[in-house]
Enquirer: 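Can you keep this structure in mind? I'll have questions shortly.
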Amino acid sequence: MTKAMTDAVHQRVIDWFSEAARDLPWRRPECTPWGVLVSEIMLQQTPVVRVLPRWELWMQRWPTPADCAAADPAEILTVWDRLGYPRRALRLQSAAAAITSQHGGEVPQNAEELRALPGIGEYTAAAVACFAFGAPEVVVDTNIRRVHARVFSGAALPGPTYTAAQRRLAHELMPATHDDGGVRACAWNAATMELGALICTARSPQCAICPVADLCAWRAAGSPPPTDSQRTRGQAWQGTDRQVRGAIMAVLRQRSPVAAAAVLEGLDLPEASADQRRRCLDSLVADGLAVRAGEPGSAVEQIGLPGTV
DNA sequence: AAACCGGGGTC
DNA sequence: GACCCAGGTTT
């Protein structure tokens with residue numbers, strides 16, 4: 001791909017974004033860095049439409065990191081509701097506590113300091129530095145990997161793992177920052193992500209209305225279907241510990257504390273053995289998502305959300 | 001590099 | 001019913 005073609009892709013995607021971008025609350029100018037951070041954590045593995053109402057409630061209740069850090073962890077998990085992966089909620093509160101105690105209550109502005117916070121990895125650190133503070137970091141999520149794979153590599157899908165070659169490509173594709181201080185680089189990140197979310201989707205991409213369809217290497221190759229190695233192996237759900245853990249957490253959000261025996265026997269999961277139920281309950285306690293009172297396995301054993309027992 | 005971690009919408 | 005989703009942590 002020549003520099004002229006890369007420049008053309010930049011221009012087309014950024015122009016497309018300026019008129020097609022969704023009006024999301026964490027993209028508005030008045031949104032705080034904390035609001036951006038909360039959105040990024042919630043959006044890890046969770047679609048925008050499901051995040052929107054939870055984000056609004058969260059920001060209304062805890063408008064600053066200090067508010068969140070001081071909150072009752074049981075309420076944190078209750079407001080998180082069914083967003084999934086509830087450990088994210090506790091890590092977000094831990095991050096808020098670190099921001100409050102170590103950063104004067106202000107969200108750090110650079111990726112390195114963000115990366116050191118609980119629950120913030122390579123992607124989220126770059127995304128917050130870029131979207132909240134305008135830093136020209138290389139942001140790579142699953143949408144961006146897919147766009148890169150198609151437009152520049154000619155592949156149907158990027159494959160399940162983020163490879164060194166993909167990281168190198170993402171760096172090479174970043175617009176120069178010497179003349180605008182990174183404005184264009186940030187726009188490229190946001191625009192590419194949005195293109196992957198709205199047009200260049202995994203299942204049925206809308207190439208007919210794609211701003212770079214005529215520049216796309218995958219299209220030029222005849223839009224070949226994904227190979228077996230490019231397919232992501234879907235996670236099982238029925239019968240997994242994740243399903244059982246989720247069912248236990250649903251009970252605790254409803255009523256807490258509660259007798260452990262009542263929870264374990266009341267789960268509407270006929271396939272789950274007594275061993276699995278017990279193992280999952282213990283793992284929730286180990287993860288800090290639940291706390292226990294009374295001897296495990298005894299008649300007086302009680303389970304509750306953290307802080308309620 | 002691979003396993004683990006939720007839950008719901010879509011095709 | 002398979003597939004997908006603005007990933008991170010642990011081993």
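A, B, ... follow the sequence lines: proteins, then strands. Residue 1 opens every chain. Heavy-atom basis, side chains included; hydrogens, waters and symmetry copies ignored. Given the structure is predicted, the values throughout are model-derived calculations rather than measurements.
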Enquirer: Should the ring pair A:H148 and A:W188 be called parallel, tilted or perpendicular, given that the plane angle runs from 0 to 90° and is split at 30 and 60?
Expert: parallel
Enquirer: Could you tell me which residues satisfy side chain to side chain contact (heavy atoms under 4.5 Å, CB included) with A:E271, sequence neighbours excluded, listed by chain and number?
Expert: none
Enquirer: Tell me what A:D287 touches on the nucleic acid: a base, only sugar-phosphate, or nothing, going by heavy atoms under 4.0 Å.
Expert: nothing
Enquirer: Considering heavy-atom distances to DNA chain B, does A:S204 or A:R253 have its closest nucleotide positioned more toward the 5' end?
Expert: A:R253
Enquirer: Table please: side-chain donor-acceptor pairs of residues 165-172 of chain A below 3.5 Å, with sequence neighbours left out.
Expert:
{"unit_1": "A:Q166", "atom_1": "OE1", "unit_2": "A:R145", "atom_2": "NH1", "d": "2.8"}
{"unit_1": "A:Q166", "atom_1": "NE2", "unit_2": "A:P158", "atom_2": "O", "d": "2.9"}
{"unit_1": "A:R167", "atom_1": "NE", "unit_2": "A:E122", "atom_2": "OE2", "d": "3.2"}
{"unit_1": "A:R167", "atom_1": "NH2", "unit_2": "A:E122", "atom_2": "OE1", "d": "3.0"}
{"unit_1": "A:H171", "atom_1": "ND1", "unit_2": "A:R167", "atom_2": "O", "d": "3.0"}

Enquirer: Can you pull the contact range of chain A along DNA chain B, 5' to 3', using atoms under 4.0 angstrom from its heavy atoms?
Expert: B:dC5 to B:dC11
Enquirer: Report, one line per pair, each donor and acceptor closer than 3.5 Å where one atom sits in a side chain of residues 124-140 of chain A; sequence neighbours left out.
Expert:
{"unit_1": "A:T124", "atom_1": "OG1", "unit_2": "A:Q44", "atom_2": "NE2", "d": "2.9"}

Enquirer: If the C1' atom of C:dG8 is compared with that of B:dG9, how far apart are they to the nearest Å?
Expert: 23 Å
Enquirer: Between A:D23 and A:R28, does at least one N-O distance fall below 4.0 Å, as a salt bridge requires?
Expert: yes
Enquirer: With P as the reference atom in both, quote the distance from C:dA6 to B:dC4 in angstrom, rounded to an integer.
Expert: 24 Å
Enquirer: Tell me who clusters with A:V244, hydrophobic residues only, linked when side chains sit under 4.5 Å apart either directly or through other members.
Expert: A:L77, A:L90, A:I248, A:M249, A:V251, A:L252, A:V258, A:V263, A:L264, A:L267, A:L269, A:L281, A:L284, A:V285, A:L289, A:I303, A:L305
Enquirer: If we take the C1' atom in both B:dG6 and C:dC3, what is their distance in whole Å?
Expert: 16 Å
Enquirer: So, the side chain of A:R150 versus the backbone of A:A155: is there a donor-acceptor pair under 3.5 Å, distance only?
Expert: no
Enquirer: Treat primed atoms plus P, OP1 and OP2 as sugar-phosphate and everything else as base, then score nucleotides 2-11 of chain C 5' to 3': B for base contact with protein heavy atoms under 4.0 Å, S for sugar-phosphate contact only, - for none.
Expert: -BSBBBSS--
Enquirer: Please classify the nucleic acid contact of A:R82 as base, sugar-phosphate, or nothing, using heavy-atom distances under 4.0 Å.
Expert: sugar-phosphate
Enquirer: Taking only Lys NZ, Arg NE, NH1 and NH2, and the carboxylate oxygens of Asp or Glu, determine whether A:R253 and A:D81 approach each other closer than 4.0 Å.
Expert: yes
